[in-house]
Every structure is written in C-alpha cells, then in structure tokens.
Amino acid sequence: QVQLVESGGGLVQAGGSLRLSCLASGTIRSINGMNWYRQVPGNERELVASITSSSTIKYQDSVKGRFTISRDNTKNTVYLQMNSLKPEDTAVYYCNAEIWSRAGIYGNYWGQGTQVTVSS
C-alpha cells in the first residue's frame, strides 16, 4: 500500500515563507511525476507546480518566481518552498504522485492536504 503524507502548512503573514514536504511511503518501486495542487473552498483544485522523474519543472503563472518545487528521490519526498506569500495563496495544498508499486500496479495517489493560511 502506498501513502502520501504532507507536512509544513500553517499560518504566516504576507511576505513570509513556508516549506511543504510530502513523503511517499509503502511498497514503492518507482515514482514518476510529483505535483502540488491547491484548493480553495468552492473552487476547483488547481495545479501549482509539477516535477517529473527527470526533474522537468512547471509552475502555475501566479507562483513563478516565488515558489520552488524540488524532490529527493532517495527519500521519496517532494518539497514546495513558498516565498513572498500572498493572501491569495491561502488554500489547502495537496501532494499528488504517480507511483509504481513493487507489485507492478500503477496508481495516482493523493495526500490528505495541509492548510496554508496567509494573513494580510
């Protein structure tokens, strides 16, 4: 069984920084893409940043230059460094990953989400 667990959310003032982490655990053979999404109540979940297994990176336009996604393949962990945070970054942030299990099963997995609140 595969599980994603996020950490690092919290309350921060505008202009501040937070670093989110997401650890993938379980019977993992390999991990392809790892992504961060966010969702505000009443809105659709939106892709914030993505990183492939070969470290190709993409960002949503609104976070370019402020957020940095990275991954540590030795730890099955993806990070999201968020700087210069704005009130509009307030959302629940979700980790997502495409994972091959040791049993040869491919799945798209989600974490439970972590709340990020930016006060003005």
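None of these values were measured; they are calculated from a predicted model. Just the heavy atoms: all of them, side chains too, but no hydrogens, waters or symmetry mates, feed the values below.
Between V78 and C95 there is a side-chain heavy-atom pair separated by less than 4.5 Å. L20 has its side chain within reach of T114: a pair of non-hydrogen atoms, C-beta onward, lies under 4.5 Å apart. Using a 4.5 Å heavy-atom cutoff, the side chains of I28 and V2 are in contact. Counting heavy atoms from C-beta outward, T77 and R71 have side chains that stay 4.5 Å or more apart. A 4.5 Å side-chain heavy-atom check between Y93 and Q115 finds every atom pair outside the cut-off.
In summary, the side chains of E88 and T90 do not present any donor paired with an acceptor at a separation below 3.5 Å, with no hydrogens or angles considered. Counting only N and O atoms by type, the side chains of S17 and N83 include a donor and acceptor under 3.5 Å apart.
For W36 and F67, the distance between ring centers is not under 6.0 angstrom.
Closest approach of S50 and N35 over heavy atoms only: CB-OD1, 2.9 Å. Closest non-hydrogen pair, L85 versus L18, comes out as CD1-N, 3.8 Å. Scanning all heavy atoms of the two residues, the minimum distance from Y37 to V48 falls at C-CG2, 4.0 Å. Contact detail for V40 and A91: the closest heavy-atom pair is CG2-CB, 3.9 Å. Closest approach of I31 and A24 over heavy atoms only: CD1-CB, 3.9 Å. Scanning both residues, R45 and W110, for their nearest heavy atoms gives NH1-CE3, 3.2 Å.
With hydrogens and angles ignored, the 3.5 Å screen pairs no side-chain donor or acceptor of T74 with any backbone N or O of D72. A donor-acceptor pair under 3.5 Å is formed between the side chain of E98 and the backbone N or O of G33.
A salt bridge is defined here as a Lys NZ or Arg NE, NH1 or NH2 lying under 4.0 Å from an Asp or Glu carboxylate O, and D89 with K86 fails to meet this definition.
A cation-pi contact, defined as under 6.0 Å to the ring centre and within 45° of the axis, links R19 to Y79.
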